[in-house]
Structures are given as structure tokens and as C-alpha cells.
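Following: one structure in C-alpha cells, then a few remarks.
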Amino acid sequence: MKKALITGITGQDGAYLAQFLIEKGYAVYGLQARRSTDSLWRLQFLEINDEINLIEGDVTDMSSLIRALKISDADEVYNLAAQSFVGSSWDQPVLTAQVTGVGVTNILEAIRLVNPEAKFYQASTSEMFGYIQKSKQDELTPFYPRSPYGVAKLYGHWITVNYRESFKIHASSGILFNHESPLRGIEFVTRKVTDAVARIKQGKQTELRLGNIDAKRDWGFAGDYVEAMWLMLQQDQPDDYVIATGQTTTVRDMCQIAFNCVGLNYEDYIVIDSKYYRPAEVDILLGDPSKAKKNLEWEAKTSLKELMSMMVEADIKRVAYESKRT
Ligand code: NAP
Ligand code: GDD
């Protein structure tokens with residue numbers, strides 16, 4: 001039986017990846033950071049919490065990573081842990097650098113010391129393209145990050161490349177464009193919108209305050225994207241891959257799609273609030289996933305309309321359930 005260790009298992013992607021690997025017959029181990037409140041709701045939502053071996057640890061504490069690698073004896077290590085919210089990275093730039101950036105070196109060092117044969121996946125991001133240097137971004141497009149998060153991720157990306165070249169570690173970097181789901185954190189714009197749609201529809205909210213709704217993103221479904229992570233580690237050679245849909249949409253049009261799901265006009269509810277503008281913005285992201293299609297035979301399966309409809313439906317159920325309880 002193959003063994004996988006996932007850092008960030010309590011996050012959106014960690015939960016879907018764990019489910020995917022369990023279905024493939026893997027023994028799944030997950031690094032769980034100590035929190036004062038319950039962080040297992042996503043694993044419970046997917047009903048896989050009892051099938052995961054949780055190991056307490058933190059990517060800023062290399063000793064805990066060494067311990068996790070020894071306990072799990074992992075064949076594959078997926079590093080998904082991060083302070084992943086771009087907005088917060090201006091408020092906590094040092095923490096973001098330590099967790100999202102140096103955390104990657106900690107885990108690569110732990111692999112080097114405990115099991116250099118383990119295959120490694122790094123969760124890189126389209127946010128590294130930032131101020132885009134090419135209209136459609138691929139693996140060769142120069143990077144220009146626009147947030148402390150993007151800068152930290154760029155460090156994580158290059159240290160992954162460096163350990164691959166220096167120590168022959170099977171280390172791959174997935175440059176994933178935005179991907180969403182009903183398990184997305186509420187602070188990210190798609191989930192903020194679908195939650196608001198559900199609340200407005202059920203009379204619990206009257207308006208939705210947003211920032212720059214002219215920003216454009218290439219949005220896919222997280223459930224599709226975790227397969228690409230796994231596929232990268234099944235290749236003979238490690239490499240970097242852009243994972244995206246190849247379509248870009250404004251936040252405004254995404255809102256329209258989400259409100260349409262319940263027959264409402266988004267223009268009646270959205271209020272622009274400068275509080276949600278960022279010190280520097282990534283205006284547009286659009287990925288070219290041709291290499292992943294050719295080498296991994298991977299492509300996105302879920303359209304933005306299907307994704308929004310899935311998220312709105314889940315939030316409607318959630319809001320109705322919460323209303324019954326209160
Ligand atoms: P997420 O929901 O924010 O999950 C982040 C995970 O990291 C959580 O499990 C969190 O634990 C954990 N974590 C945070 N600080 C940690 C620490 N110091 N030590 C150990 N674990 C820690 O993010 P996601 O959307 O699943 O994304 C997964 C990864 O892909 C992240 O690295 C993200 O930056 C990257 N990425 C995401 C996207 C996207 O669109 N979703 C696109 C490109 C790249 P708690 O829940 O306990 O805080
Ligand atoms: N969160 C948020 N809240 N974003 C808003 C809002 C708002 O009220 N109003 C407008 N936006 C705009 C942001 O300014 C940004 O241009 C866009 O919506 C998307 O914001 P997020 O959903 O927060 O995602 P992100 O693109 O900044 O970052 C996500 O994708 C990256 C991949 O490109 C995160 O998942 C990162 O971790 C990931 O690396």
C-alpha cells in the first residue's frame with residue numbers, strides 16, 4: 001500500500017486530495033497544525049476524517065516535519081500548507097514568508113534527511129505571475145509577484161526547483177490557477193459571493209460588499225485540480241506544470257452567474273467598498289494548461305457555471321441548516 005503525507009490537510013485542497021488518494025487505496029497521513037478551535041470540518045464534510053492518520057506538526061517547526069516523515073514513511077509528500085489568503089499577506093508579511101516560503105525549505109530538508117526517495121509536490125500558484133508578462137501564462141512566462149504571498153510562493157517555487165537540481169529529489173511544482181469548491185474558505189471571493197447569494201435568498205443578508213470587481217481570474221474546481229497534483233508525482237521525471245482552465249472571467253461576471261443561480265440580479269445587491277481593495281492588485285490571470293494536457297493527459301472538467309451552481313447549492317443548504325439550529 002502506498003503512503004502519502006499531506007501538509008495542509010485541513011484546507012480545501014488537502015481535504016479533496018485526501019479523498020482522492022483514499023479512493024486510490026493510499027494510506028493517508030496528514031500534518032495538522034495545533035489550533036484552539038476545530039479544524040477538521042472539511043474532512044468531516046467529505047466523511048473521511050476517520051480514515052486519515054493525523055500527525056500534529058507545523059511547517060515552521062522542522063523537527064515536527066522530521067517526525068511526520070518518520071511516522072508516515074511516506075512515498076509521496078504533498079506540501080499544501082500555507083498562509084494562503086493574499087489579502088492577509090500584507091497584514092502578516094513575516095508570518096507569510098515563514099509559513100508559505102521558508103516552510104517549503106523545512107519540508108524539503110526533512111525529506112533530504114529522512115527519505116530522499118520520497119516524491120514531493122509543491123503547491124505553487126498563478127499569483128507568482130502577478131503583473132503579467134504574457135497574455136496567457138505558461139511554465140516559461142516570467143514571474144512578477146504583486147503581494148507578500150506571491151513573493152513567498154516564488155521562493156517556495158524556486159527552492160523546489162533548486163532541491164530537484166541539487167539533490168535529485170523528485171520534486172514537482174504545480175502552478176495552479178484559482179480553484180474553488182463548497183469547501184473554499186469564506187474569505188475568498190467566490191465563496192464570499194455564494195454564501196451571500198444563499199443568505200440574501202433566505203432573507204439573512206441585504207447586500208454584498210466587494211472590492212475590485214473588474215479583476216479577472218481563471219477559476220476551476222478544486223476536485224479536478226487535485227488529480228493533477230497526483231499525476232505530477234506519477235511521472236518518471238519531476239517537472240513544473242501550469243494547471244488552469246484556459247478561460248478568464250471578471251469578478252463581476254462571476255457574481256452575475258452566482259446570483260442568476262437563484263434568479264436574482266447581482267446589481268441590486270453589490271456595494272463597492274474600498275476596504276476590500278488591495279495595496280497592489282493582480283488584474284488578470286489566464287493560464288495555458290497545454291503542457292499538462294500533453295504530458296499528464298489532464299484537463300479541467302468543470303465549467304465556471306457548474307462550479308458556481310455547485311457552490312450556491314451547498315451554501316443554500318448550509319444557511320438553511322444553520323437557520324434551523326438557531
Ligand atoms: P487553505 O484552504 O487556506 O489551506 C491551507 C492549509 O494550510 C490549512 O490546512 C492550514 O491549516 C494549513 N496551514 C497554515 N499554516 C500552517 C502551518 N504553519 N503549518 C502547517 N499547516 C499550516 O488553502 P487551499 O486553497 O487548500 O490551497 C492549498 C495550497 O495551494 C496552499 O499552499 C495555497 O497557497 C496553494 N494554492 C491554492 C490555490 C487556490 O486557488 N485554492 C491556487 C494556487 C495555489 P489550518 O486550517 O489549521 O489553518
Ligand atoms: N477575497 C476577496 N474579497 N477578493 C475580492 C473582493 C472581496 O471582497 N472583491 C474583489 N476581490 C478580488 C480580489 O481583489 C482579487 O482580484 C480577486 O477578487 C480574487 O480574490 P481571492 O478570491 O481572494 O483570490 P486570489 O486570486 O487573491 O488568491 C487565490 O488564488 C491564488 C491563485 O491565483 C488564493 O487561493 C491564493 O492562495 C492562490 O494562490
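Whatever order the structure lists ligands and atoms in, that order sets their numbers, starting from 1. Just so you know, these numbers come straight off a predicted model, no measurement behind them. Hydrogens, waters and symmetry mates are skipped; everything else that's a heavy atom, side chains included, is used.
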Would [X] count as a polar contact of ligand 2, with the cut-off being nitrogen or oxygen pairs under 3.5 Å?
{"X": "G211", "answer": "yes"}
{"X": "T190", "answer": "no"}
{"X": "E187", "answer": "yes"}
{"X": "V189", "answer": "yes"}

Transitively linked via ILVMFWY side-chain contacts under 4.5 Å: [X] with [Y]?
{"X": "Y144", "Y": "Y155", "answer": "no"}
{"X": "V251", "Y": "Y269", "answer": "yes"}
{"X": "I66", "Y": "I169", "answer": "yes"}

So, regarding Q83 and ligand 1 (criterion: nitrogen or oxygen to nitrogen or oxygen, under 3.5 Å), is there a contact or not?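 No, no N or O pair falls under 3.5 Å.
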Ignoring angles and geometry beyond distance, decide whether T125 reaches within less than 3.5 Å of ligand 1 through its nitrogen or oxygen atoms. no
Can you name the atoms of ligand 1, numbered from 1 with element, that are less than 4.0 Å from a heavy atom of S84? 1 (P), 3 (O), 23 (O), 33 (C), 34 (O)
Heavy-atom contacts with K153 under 4.0 Å: which atoms of ligand 1 show up? List them by number with element. 31 (C), 32 (O), 33 (C), 34 (O), 35 (C)
Could you establish whether [X] and ligand 1 come within less than 4.0 Å of each other, counting only heavy atoms on the residue side?
{"X": "S124", "result": "yes"}
{"X": "Q32", "result": "no"}
{"X": "T7", "result": "no"}
{"X": "E127", "result": "no"}
{"X": "Y149", "result": "yes"}

Looking at ligand 2, would Y277 count as a contact under a 4.0 Å heavy-atom criterion?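 No, that is not the case, since the closest heavy atom of the residue is not under 4.0 Å from the ligand.
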Please determine whether any non-hydrogen atom of R252 lies less than 4.0 Å from an atom of ligand 2. no
Nearest 0.5 Å, please: how far is [atom2] in [Y] from [atom1] in [X]?
{"X": "D240", "Y": "H157", "atom1": "CG", "atom2": "NE2", "value": "4.5 Å"}
{"X": "D315", "Y": "R191", "atom1": "CG", "atom2": "CZ", "value": "4.0 Å"}
{"X": "T250", "Y": "I284", "atom1": "OG1", "atom2": "CD1", "value": "10.0 Å"}
{"X": "R209", "Y": "D273", "atom1": "CZ", "atom2": "CG", "value": "4.5 Å"}

Give me the residue, atom name and distance of the protein heavy atom closest to atom 31 (C) of ligand 1. L80 O, 3.1 Å
For L210, which part has a heavy atom under 4.0 Å from ligand 2: side chain, backbone, both, or neither? both
Pick one of side chain, backbone, both or neither for how L285 approaches ligand 2, counting any non-hydrogen atom pair under 4.0 Å.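 Side chain only.
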Answer yes or no on whether K291 is positioned over the face of Y241, meaning its NZ or CZ is under 6.0 Å from the six-membered ring centre and within 45° of the axis.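 Yes.
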Assess the pair W230 and Y121: is the distance between their ring centroids shorter than 6.0 Å? no
Applying ring-ring contact (aromatic ring centres under 6.0 Å, His included), can you list everything that pairs with F221, at least two apart in sequence or on another chain? Y16
Measure from atom 38 (C) of ligand 2 to every heavy atom in Y149, W219, F129, Y276 and give the option owning the shortest one.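 The nearest heavy atom belongs to Y149.
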Does a sphere of radius 6.0 Å around NZ in K317 hold more than 12 heavy atoms from other residues, nucleotides or ligands, not counting ones at 6.0 Å or beyond?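 Open.
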